[in-house]
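Here is the structure we will look at.
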There are 2 protein chains.
Amino acid sequence: MTTPMLTKNQSLVFDVLTKAEAPLSAYTILDKLRDQGFRAPLQVYRALDKLLEYGVVHRLESINSFVACAHPNEDCHSHGLVAFAICESCGQVIEFHDHEVDHRLMDWLKSQKFKAEKSTIEIRGHCANCAA
Amino acid sequence: MTTPMLTKNQSLVFDVLTKAEAPLSAYTILDKLRDQGFRAPLQVYRALDKLLEYGVVHRLESINSFVACAHPNEDCHSHGLVAFAICESCGQVIEFHDHEVDHRLMDWLKSQKFKAEKSTIEIRGHCANCAA
DNA sequence: TTGCACACGTTATAGCATAACGCAATTGAT
DNA sequence: ATCAATTGCGTTATGCTATAACGTGTGCAA
């Protein structure tokens, strides 16, 4: 998918996520945008829905947060599954794509005649810097 | 880990999950246990915490729900990562363990010097019965 | 110009999870 | 025996996450 022009709200939310060094919750984004006129959660969630649809933002299900895609110029939908390593100390996220893992999972799903639509692969732990 | 004797509350919660045909949210479990004297969410969450710790229950992060482990006699901690295929129509969950996927992910994590602690692999879509 | 699609704003509400308090039972070391 | 530590439990209150439902304005195509 090619990313359309972003609306004002979408741009604001995307900028906040791009500048952040760690994933942000929707409510944290809201707080960061109060000065630009944001007042309600829906303003954030609606922008996020679109950004997710465009593939420029990822949702981290295990921590109810959102990050900008680490591969801005590629198409996240085209390189298959995305995996995340999430540091529980510093919050940093490493994004990663692997065709081997993809294929293996897809083969299994196929053997079960399961039609995959969305996937979540998240590993929580400690990054190189934070691991004592 | 060997599973210790379950307390009354833990047994009640575990039974509900075992009998369920689909994952249940904590609040759904609460409602099903009101007749046995459950009154507050914490009663459910505390039991769930222990059952998760013992490895007899899994949490599905992407749908905020819980399922009994599909491999009651094995030790879920010993066979590494667990993956789930979750049907968005009927709610059915297929649980699955694959060493290939494990190793591939673990190798990558190692290359990043990332110390993994918890993992989430969840695929949402439609099962064989529900896929039109 | 009418109808449609879409983004937006607002209020209210639903759904998920935990903090903080106190009590009771158990265990185990001294 | 007794004291301290641990664990489970019950309750109230609260906080965080997400969406429903309503109405407005704008742009564009038939």
Side-chain angles (χ1 to χ4, degrees), chain A residues 1-17 20 22-54 56-67 86 88 91 118 120 122 124, chain B residues 1-17 20 22-54 56-67 86 88 91 118 120 122 124:
Chain A
M1 179 192 301
T2 198
T3 307
M5 196 67 176
L6 298 183
T7 67
K8 180 150 175 283
N9 284 3
Q10 288 161 17
S11 295
L12 287 167
V13 169
F14 185 61
D15 282 355
V16 166
L17 282 175
L24 301 176
S25 75
Y27 279 73
T28 303
I29 296 171
L30 174 58
D31 286 338
K32 287 181 184 291
L33 289 175
R34 289 205 187 271
D35 291 348
Q36 342 294 328
F38 273 48
R39 317 246 104 240
L42 259 197
Q43 297 176 282
V44 177
Y45 282 110
R46 289 205 271 233
L48 285 172
D49 283 345
K50 286 299 180 183
L51 296 170
L52 289 167
E53 184 186 324
Y54 302 154
V56 296
V57 161
H58 298 292
R59 172 191 211 115
L60 301 177
E61 312 271 5
S62 65
I63 56 172
N64 296 313
S65 296
F66 303 84
V67 277
I86 305 168
E88 294 187 315
K118 299 175 186 172
T120 298
E122 299 173 17
R124 268 120 36 239
Chain B
M1 178 193 299
T2 197
T3 307
M5 197 66 176
L6 297 183
T7 67
K8 179 151 175 283
N9 284 3
Q10 288 160 19
S11 296
L12 287 168
V13 169
F14 185 61
D15 281 355
V16 166
L17 282 176
L24 302 177
S25 76
Y27 278 71
T28 303
I29 297 171
L30 174 58
D31 286 339
K32 287 181 183 289
L33 288 175
R34 289 205 187 274
D35 291 346
Q36 343 292 327
F38 273 49
R39 314 245 109 240
L42 260 195
Q43 295 175 285
V44 177
Y45 282 110
R46 289 205 271 233
L48 285 172
D49 283 345
K50 285 299 178 183
L51 296 171
L52 289 167
E53 183 185 323
Y54 302 154
V56 296
V57 161
H58 297 292
R59 171 191 209 113
L60 301 177
E61 312 272 4
S62 65
I63 55 173
N64 297 313
S65 296
F66 303 85
V67 277
I86 305 167
E88 292 187 317
K118 299 175 186 172
T120 299
E122 298 173 17
R124 271 124 30 242

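In what follows, chains carry the letters A, B, and so on, assigned in the order in which the sequence lines appear, proteins first and then strands, with residues in each chain numbered from 1. Reckoned from all heavy atoms, side chains included, excluding hydrogens, waters and symmetry mates. Quantities reported herein were computed from a predicted structural model and do not represent experimental measurements.
- Between A:Arg124 and B:Glu61 there is a salt bridge, since a side-chain N of the basic residue sits under 4.0 Å from a carboxylate O of the acidic one.
- We find that CG of A:Leu30 is positioned 12 Å from P of D:dC16, with the value rounded to whole Å.
- How far CG of A:Asn9 is from CG of A:Leu42: 11.5 Å, rounded to the nearest 0.5 Å.
- Per the geometry, OH belonging to A:Tyr45 stands 18 Å off P belonging to C:dT10, to the nearest Å.
- In this structure, the separation between NZ on B:Lys32 and CG on B:Leu17 is 10.0 Å, given to the nearest 0.5 Å.
- Per the geometry, CG belonging to B:Asn64 stands 14 Å off C1' belonging to C:dT18, to the nearest Å.
- Checked by atom type, the side-chain pair A:Thr120/A:Arg59 shows no donor-acceptor distance below 3.5 Å.
- The line from OG of A:Ser25 to CG of A:Leu60 is 11.5 Å long, rounded to the nearest 0.5 Å.
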>> What does the B/S/- profile of nucleotides 21-26 of chain D look like, 5' to 3', with a 4.0 Å heavy-atom cutoff to protein?
In response: B-----
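- Remark: P of C:dG9 and CZ of A:Phe38 are 7 Å apart, rounded to the nearest angstrom.
- Distance B:Gln43 CD to D:dT7 C1': 16 Å, rounded to the nearest Å.
- Over its full length, the helix from C:dT1-D:dA30 to C:dT30-D:dA1 turns its helical axis through 20°, comparing axes from the five pairs at each end and rounding to 10°.
- For the pairing with A:Val57, the side-chain contact (heavy atoms from CB on, under 4.5 Å) check across A:Leu52, A:Val13, A:Asp49, A:Val67 returns one residue only, A:Leu52.
- With rounding to the nearest 0.5 angstrom, the CZ atom of A:Phe66 is 14.5 Å from the CZ atom of A:Phe14.
- Here A:Tyr27 lies parallel enough and close enough to stack on the base of D:dT17, with planes under 30° and ring centres under 5.5 Å apart.
- Of all the heavy atoms in A:Pro23 and A:Gly91, the pair that sits closest is CD-O, 2.9 Å.
- Between C:dG9 and A:Asn9, a contact under 4.0 Å exists linking OP1 or OP2 to a side-chain N or O.
- Between the OG atom of A:Ser62 and the CD atom of A:Glu88 there is a distance of 8.0 Å, given to the nearest 0.5 Å.
- In this structure, CG of A:Leu12 is placed 15 Å from P of C:dA7, rounded to the nearest angstrom.
- Of the residues near DNA chain C, A:Lys50 and B:Arg59, the one whose nearest nucleotide (by heavy atom distance) lies more toward the 5' end is A:Lys50.
- Between the P atom of D:dT7 and the CD atom of B:Gln10 lies a distance of 12 Å, rounded to the nearest Å.
- At D:dT7, none of the side-chain N or O atoms of B:Thr7 fall inside 4.0 Å of OP1 or OP2 (strictly under the cut-off).
- Between B:Lys8 atom NZ and C:dA25 atom P there is a gap of 14 Å when expressed in whole angstrom units.
- Both B:Arg39 and A:Ser65 lie near DNA chain D, and the one whose nearest nucleotide falls closer to the 5' end is B:Arg39.
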